[in-house]
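The block underneath contains the structure these notes are about, expressed in structure tokens.
Quantities reported herein were computed from a predicted structural model and do not represent experimental measurements. Along the sequence shown, residues are numbered consecutively beginning with 1.
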Amino acid sequence: MTAVPQERRVVTAIPGPKSQELQARRNATVAAGVGSVLPVFTTRAGGGIIEDVDGNRLIDFGSGIAVTSVGASAEAVVRRASAQLAEFTHSCFMVTPYEGYVEVCEQLAELTPGDHPKKSALFNSGAEAVENAVKIARAYTKRQAVVVFDHGYHGRTNLTMALTSKNMPYKNGFGPFAPEVYRVPVAYGYRWPSGPENAGAEASAQAIDMINKQIGADNVAAIIIEPVLGEGGFIEPAKGFLPAVARFAKDNGIVFVADEIQSGFCRTGQWFACEDEGIVPDLITTAKGIAGGLPLSAVTGRAEIMDAAHSGGLGGTYGGNPVACAGALGSIETMKELDLNAKARRIEEIMKARLTAIQEKYDIVGDIRGRGAMIAVELVKSGSKDPNPEATAALAKACHSVGLLVLTCGTYGNVLRFLPPLVIGEDLLNEGLDLLEDAFAGV
Ligand SMILES: *Cc1c(COP(=O)(O)O)cnc(C)c1O
């Protein structure tokens with residue numbers, strides 16, 4: 001294995017001729033429903049760089065959607081996963097177990113908020129973790145209703161589509177959806193009618209009122225929320241919102257689930273984003289950043305809740321695959337050794353300073369928000385708060401053409417989001433921000 005040089009390099013159009021050839025083959029055989037943000041075909045990736053088949057090297061502000069926080073070829077992940085591959089690829093934990101799975105659960109118990117006894121169950125994808133959190137909460141409470149929030153995203157399976165807020169592209173035409181799912185307001189400060197300073201108290205009061213009036217607190221098994229809403233636009237619920245909702249859950253015997261699939265594992269400069277307001281969730285779902293790019297997810301929580309499901313009620317053929325568990329142990333080891341929480345906070349400092357300077361020059365930057373290496377700008381039409389998805393798409397395209405991979409998100413498609421690997425060099429980070437600034441000048 002050779003390390004990818006940590007330098008941007010653009011030697012062809014992006015996508016280049018070889019990527020275009022592969023894209024034609026892809027279009028002939030890969031289902032149209034599976035999209036790609038940028039059809040450059042990857043050959044190598046690591047640190048802050050993605051290399052493509054044409055020899056271009058892109059600066060990575062996406063991390064494969066918040067996954068490769070330790071880089072896409074982190075030494076400890078590669079070493080541990082390779083060693084595990086040579087030993088055995090699979091036995092099925094439900095048939096004959098192995099130590100790696102147990103070690104990952106021990107790490108989750110140590111790293112997640114709260115010092116109560118905790119247990120975990122491992123799965124493959126984020127959606128699967130969320131589905132299992134619902135199963136566990138229903139088994140524990142013997143209730144059925146699930147409460148989720150405006151702008152929330154929880155996955156693409158049937159139940160998680162129902163939990164997800166946005167219709168296009170996630171839900172349109174794919175119903176009917178799972179029943180007993182209820183959506184309530186979230187404290188979206190930038191767009192809250194009476195201003196961000198009132199959003200936390202007002203939105204939590206509205207949400208709680210809706211639960212009481214429309215569902216009945218006694219019928220609610222779980223309240224599920226992302227402590228920083230990811231796909232919905234990197235919305236940090238305004239101060240006071242999360243504690244009020246968590247307290248309401250506690251007072252009413254409702255399982256409070258923090259979906260930290262995108263915000264977890266050092267991404268926001270804490271092991272988990274809910275730590276910022278001192279929230280201790282009953283259950284926490286993790287995936288994305290957990291295993292350095294290998295497919296793994298988990299539900300972790302209070303032992304008495306986690307143990308409510310009967311033996312054999314949870315699991316799956318591949319859940320907690322031994323290679324993925326080895327990858328997770330390598331990833332967690334890297335996060336601790338390199339203090340990636342501190343790195344994430346440093347990335348925030350650099351990014352927010354640069355983005356603030358851009359905002360002073362361009363009034364289409366409505367809001368700058370996020371924490372750690374989970375930072376976004378919300379783009380609006382000049383002199384208003386009207387969403388500006390056209391400028392967002394144009395900016396993303398301009399960045400892509402010069403070798404900076406950025407992603408978009410948001411209910412209104414008007415948020416540029418930045419999720420660099422936490423191991424990105426500061427020179428590359430600054431170069432990426434220079435390119436972004438140039439893109440603003442051009443749009
Ligand atoms: C990505 C994501 C999911 C779904 O994870 P998959 O691995 O794509 O199934 C669920 N919740 C949140 C908050 C996410 O960001």
Check your understanding: Residues in salt bridge (charged side-chain N to carboxylate O under 4.0 Å, His left out) with Glu103, at least two apart?
Key -> none
Exercise for review: Go through the structure and list residues passing side-chain hydrogen bond (donor to acceptor under 3.5 Å, both in side chains) with Arg247, not counting sequence neighbours.
Suggested key: none
Review point. Looking at Tyr190, does the NZ or CZ of Lys385 lie under 6.0 angstrom from its six-membered ring centre and within 45 degrees of the ring axis?
Key: yes
Check your understanding: With distance as the sole test, does Asp60 use its side chain to make a donor-acceptor pair with the main-chain N or O of Gly48 at under 3.5 Å?
Key -> no
Check your understanding: Is it true that the side chains of Glu378 and Asn414 contain a donor and an acceptor less than 3.5 Å apart?
Key -> yes
Check your understanding: Between Arg354 and Asp434, is there a side-chain N and carboxylate O pair less than 4.0 Å apart?
Key -> yes
Review point. Does Phe177 offer a backbone N or O that forms a donor-acceptor pair with the side chain of Lys171 under 3.5 Å?
Key: no
Point to revise | Donor on one side chain, acceptor on other, Asp259 and Thr285, under 3.5 Å | key: yes
Point to revise | Closest non-hydrogen atom pair between Ala249 and Phe256, with its separation | key: CB-CB, 4.0 Å
Point to revise | Contacts of Ser263 that satisfy side-chain hydrogen bond (donor to acceptor under 3.5 Å, both in side chains) - sequence neighbours left out | key: Glu260
Determine all donor-acceptor pairs shorter than 3.5 Å in which one atom belongs to a side chain in residues 159-167; sequence neighbours excluded.
from: Thr160; atom 1: OG1; to: Arg156; atom 2: N; distance (Å): 3.2
from: Thr160; atom 1: OG1; to: Thr157; atom 2: N; distance (Å): 2.9
from: Thr160; atom 1: OG1; to: Thr157; atom 2: O; distance (Å): 3.3
from: Thr160; atom 1: OG1; to: Thr157; atom 2: OG1; distance (Å): 2.6
from: Thr164; atom 1: OG1; to: His154; atom 2: N; distance (Å): 2.9
from: Thr164; atom 1: OG1; to: Gly155; atom 2: N; distance (Å): 3.4
from: Thr164; atom 1: OG1; to: Gly155; atom 2: O; distance (Å): 3.3
from: Thr164; atom 1: OG1; to: Thr160; atom 2: O; distance (Å): 2.9
from: Ser165; atom 1: OG; to: His151; atom 2: N; distance (Å): 3.1
from: Lys166; atom 1: NZ; to: Gly410; atom 2: O; distance (Å): 2.8
from: Asn167; atom 1: OD1; to: Asn172; atom 2: N; distance (Å): 3.2
from: Asn167; atom 1: ND2; to: Asn172; atom 2: OD1; distance (Å): 3.2

Check your understanding: Does any pair with a residue in residues 339-395 pass ring-ring contact (aromatic ring centres under 6.0 Å, His included), and if so which ones, sequence neighbours excluded?
Key -> Tyr362-Phe440
Check your understanding: Does Ser63 reach the main-chain N or O of Leu419 with its side chain, forming a donor-acceptor pair under 3.5 Å?
Key -> yes
Point to revise | Listed once per pair and sorted, the side chain to side chain donor-acceptor pair (under 3.5 Å) pairs that draw on residues 205-233, sequence neighbours left out | key: Tyr170-Glu231, Asp209-Lys213, Glu231-Gln262, Glu231-Arg417
**Study point:** Under the side-chain hydrogen bond (donor to acceptor under 3.5 Å, both in side chains) test, residues paired with Asp150 that sit two or more places apart
**Key:** none
Practice item. Without swapping roles, check the side chain of Thr392 against the backbone of Leu416 for a donor-acceptor pair under 3.5 Å. Key: no
Practice item. Tell me, please, which residues at least two apart from Asn198 pass side chain to side chain contact (heavy atoms under 4.5 Å, CB included). Key: Ser194, Glu202
Revision key, fill the gap. Nearest heavy-atom approach of Ser120 to Thr300 is OG-OG1, 2.7 Å
Point to revise | Pairs satisfying salt bridge (charged side-chain N to carboxylate O under 4.0 Å, His left out), at least one member in residues 127-146, at least two apart | key: none
Point to revise | Exam field: side chain Arg369 to backbone Ala376, donor-acceptor pair closer than 3.5 Å | key: no
Check your understanding: For Ser297, which residues count as a side chain to side chain contact (heavy atoms under 4.5 Å, CB included) partner, sequence neighbours excluded?
Key -> Phe123, Ala129, Ala287
Practice item. Would you tell me whether Arg44 and Ser73 have side-chain atoms, one donor and one acceptor, within less than 3.5 Å of each other? Key: no
Review point. With no hydrogens and no angle check, is any side-chain donor or acceptor of Lys352 less than 3.5 Å from a backbone partner on Gly370?
Key: yes
**Study point:** Where at least one partner belongs to residues 337-346, residue pairs that pass salt bridge (charged side-chain N to carboxylate O under 4.0 Å, His left out), sequence neighbours excluded
**Key:** Arg346-Glu349, Arg346-Glu426
Practice item. For Gln144, check side-chain hydrogen bond (donor to acceptor under 3.5 Å, both in side chains) against everything at least two apart and list the hits. Key: none
